[in-house]
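Following: one structure in structure tokens, then a few remarks.
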There are 2 protein chains.
Amino acid sequence: MPLGKDYAAQSCSLARTLELVGERWTLLIVRDAFYGVRRYNDFLVHLALPRAVLSARLRTLTENGVLETVRYQASPPRDEYQLTAKGRELWPAVHALAVWGEQHHGSEKGSRRDFLHAGCGTRLDQAGRCPACETGVPPEDVEMRPGPGADRAPADAVSRALLRPRMLLEPLPQPLNA
Amino acid sequence: MPLGKDYAAQSCSLARTLELVGERWTLLIVRDAFYGVRRYNDFLVHLALPRAVLSARLRTLTENGVLETVRYQASPPRDEYQLTAKGRELWPAVHALAVWGEQHHGSEKGSRRDFLHAGCGTRLDQAGRCPACETGVPPEDVEMRPGPGADRAPADAVSRALLRPRMLLEPLPQPLNA
DNA sequence: CCGCTGAATTCAATCACTGAACTCTTTGCT
DNA sequence: AGCAAAGAGTTCAGTGATTGAATTCAGCGG
């Protein structure tokens with residue numbers, strides 16, 4: 001629905017996936033959700049996208065069961081957006097795309113962000129598996145830390161909060177200071 | 001370049017990947033290339049997209065080293081578009097997205113297309129690995145065959161040609177009859 | 001009462017996509 | 001030679017989506 005017509009070749013499941021998740025900004029929102037971003041304003045600050053687009057994307061992701069809203073305070077009603085189980089299953093795809101980008105368009109200084117199997121400390125391969133343990137690693141067990149190519153002093157508070165090592169899906173500390 | 005501005009948060013390799021591969025139609029073109037589609041007209045027939053968009057996408061994919069043009073006849077000069085090594089490395093990402101779509105938006109009749117480890121015949125998991133052999137499977141070793149949910153009598157010749165089991169990256173037979 | 005925050009919506013301008021028509025070159029047919 | 005067809009595009013007007021700025025709105029803090 002979001003993008004006018006549906007893709008032809010709808011006999012392919014990739015086409016139906018891209019209808020939902022293939023619009024501009026959508027996968028970056030999902031990626032941020034894996035990073036622990038949950039609030040409207042944090043997405044806004046981190047991605048620097050127009051508010052209208054963010055609202056629209058959050059709505060269609062929620063309507064399609066990728067995100068769900070969770071009330072975190074009642075009096076001025078405020079909702080967080082969290083990944084559902086269905087959304088968390090996008091991790092292999094998101095990770096594979098990120099790894100491809102790192103390999104082919106990475107900076108010369110090295111990776112910007114590393115994803116490690118928590119507990120064993122090994123970097124994941126493109127398939128999202130731990131080469132040492134020879135198992136797939138769900139996002140809950142992935143530790144993210146800045147790599148040598150990371151920007152050391154980003155302009156926005158969300159990027160700064162993401163600079164310290166953290167587990168995927170772990171919510172950002174609130175409020176965001178420094 | 002293709003989409004006006006570059007994504008902010010360019011410290012993420014996913015963003016740079018999506019700049020290249022995240023536009024409408026682009027990943028479907030790449031998927032078709034894995035399926036063996038190589039010619040302008042075959043992409044056009046299979047995807048039913050505007051010619052202007054197809055030309056633009058093929059150009060940027062070629063300029064960025066995902067596809068390369070290969071002359072297949074000289075007299076009226078005709079080029080095929082083939083995946084480069086860099087392009088073939090998108091297979092895990094494309095496959096992961098397709099599997100996600102199959103799981104969450106698949107038809108009730110079952111999968112539309114199955115991807116098997118050729119030689120062992122086991123269906124790949126979401127990470128693109130063969131559960132039986134416990135190895136990753138490169139696209140050259142993947143056999144594609146229609147699943148129970150496939151459309152049995154598609155309207156276009158390319159879809160009909162893709163109905164018989166085939167190896168990924170194997171070029172479509174030319175000319176396309178039936 | 002006033003200003004602030006978080007979460008939006010509205011609006012004009014811009015940009016991209018769509019679909020149809022057109023171009024150009026070579027080849028096959030008569 | 002003349003004509004139609006195929007393959008691979010380009011051009012162009014109309015539509016739809018995205019952008020960035022401004023505005024709204026509710027509740028809270030002092």
Side-chain angles (χ1 to χ4, degrees), chain A residues 1-9 18-20 22-29 37-63 67 69-81 156-158 172 174-177, chain B residues 1-9 15 18-20 22-29 37-63 67 69-82 156-158 172 174-177:
Chain A
M1 310 59 177
L3 268 185
K5 312 288 164 36
D6 46 10
Y7 289 100
L18 292 177
E19 265 183 70
L20 167 53
E23 286 176 300
R24 197 151 144 77
W25 298 112
T26 304
L27 269 184
L28 292 176
I29 292 170
V37 178
R38 295 185 168 188
R39 300 193 179 183
Y40 186 92
N41 242 35
D42 290 345
F43 286 111
L44 201 64
V45 163
H46 191 220
L47 296 172
L49 80 173
R51 307 172 97 86
V53 175
L54 178 59
S55 300
R57 296 294 186 275
L58 290 174
R59 187 170 341 106
T60 71
L61 285 173
T62 304
E63 283 169 357
L67 299 177
T69 56
V70 177
R71 179 77 30 114
Y72 68 88
Q73 74 179 30
S75 50
R78 292 289 179 262
D79 291 332
E80 287 186 329
Y81 297 88
D156 65 288
V158 176
L172 286 186
Q174 294 289 346
L176 285 173
N177 35 18
Chain B
M1 306 57 177
L3 268 185
K5 312 289 164 36
D6 46 9
Y7 288 100
L18 292 177
E19 265 184 70
L20 168 53
E23 286 176 301
R24 199 152 143 76
W25 298 113
T26 304
L27 268 185
L28 292 177
I29 291 170
V37 178
R38 294 185 168 189
R39 301 193 179 182
Y40 187 93
N41 243 35
D42 290 345
F43 286 111
L44 202 65
V45 162
H46 191 220
L47 296 173
L49 81 172
R51 308 171 94 87
V53 176
L54 178 58
S55 299
R57 295 294 185 276
L58 290 173
R59 185 166 348 103
T60 72
L61 284 173
T62 304
E63 282 169 359
L67 298 177
T69 55
V70 176
R71 179 76 31 113
Y72 68 87
Q73 73 178 29
S75 49
R78 292 288 180 260
D79 291 332
E80 286 186 329
Y81 297 87
Q82 293 180 217
D156 65 288
V158 175
L172 286 185
Q174 295 287 348
L176 286 173
N177 35 17

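Being a predicted model, the structure only gives us computed values, none of them experimental. All chains are named by letter (A, B, ...) in the order of the sequence lines, taking the proteins before the strands, and each is independently numbered beginning at 1.
- The salt bridge (Lys or Arg N to Asp or Glu O under 4.0 Å) search around A/Asp156 returns none, not counting sequence neighbours.
- Taking atom CG of residue A/Leu49 and atom C1' of nucleotide D/dA21, one finds them 14 Å apart after rounding to whole Å.
- Residues satisfying the side chain to side chain contact (heavy atoms under 4.5 Å, CB included) test with B/Pro50, not counting sequence neighbours, are B/Val53.
- The CZ-C1' distance, from A/Arg24 to D/dT18, rounds to 8 Å in whole Å.
- Of the candidate nucleotides C/dT18, C/dG6, D/dG9, D/dG9 has the atom nearest to the side chain of B/Tyr40.
- By the side chain to side chain contact (heavy atoms under 4.5 Å, CB included) test, A/Pro76 pairs with A/Gln73, A/Arg78, sequence neighbours left out.
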Given B/Arg51 and B/Asn41, is the side-chain contact (heavy atoms from CB on, under 4.5 Å) satisfied, shown in steps?
-> CA-CA 9 Å; B/Arg51 308 171 94 87; B/Asn41 243 35; 4.3 Å; yes

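- Atom-to-atom, CG of A/Asp42 to C1' of C/dA8 comes out at 16 Å; the value is rounded to the nearest Å.
- For D/dT10, the OP1/OP2 oxygens have a side-chain nitrogen or oxygen of B/Ser55 closer than 4.0 Å.
- Residues A/Ala52 and B/Tyr72 both approach DNA chain D. Their nearest nucleotides, taken by heavy-atom distance, put B/Tyr72 toward the 5′ side.
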At under 4.0 Å between heavy atoms, which parts of nucleotides 21-30 of chain C does protein reach? Answer with one letter per nucleotide, 5' to 3': B base, S sugar-phosphate only, - none.
-> B----SS---

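- The separation between A/Leu58 atom CG and C/dG6 atom P is 16 Å, rounded to whole Å.
- Between the CZ atom of A/Arg39 and the P atom of C/dA8 there is a distance of 13 Å, given to the nearest Å.
- For A/Arg57 and D/dA17, the CZ to P distance is 10 Å, given to the nearest whole Å.
- Within the structure, every pair that satisfies the salt bridge (Lys or Arg N to Asp or Glu O under 4.0 Å) test and touches residues 39-49 of chain A, not counting sequence neighbours, is listed here: A/Arg39-A/Glu80.
- Atom pair B/Gln174:CD and D/dG7:P shows a separation of 9 Å (rounding to whole Å applied).
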Please walk me through it: do A/Arg38 and A/Asp79 pass side-chain contact (heavy atoms from CB on, under 4.5 Å)?
-> CA-CA 9 Å; A/Arg38 295 185 168 188; A/Asp79 291 332; over 6 Å; no

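- Nucleic acid contact class of A/Tyr81 (heavy atoms, under 4.0 Å, all strands): sugar-phosphate only.
- With sequence neighbours left out, the side-chain hydrogen bond (donor to acceptor under 3.5 Å, both in side chains) criterion links B/Tyr40 to B/Ser55.
- One atom, CG of B/Leu54, and another, C1' of C/dT18, lie 14 Å apart when rounded to the nearest Å.
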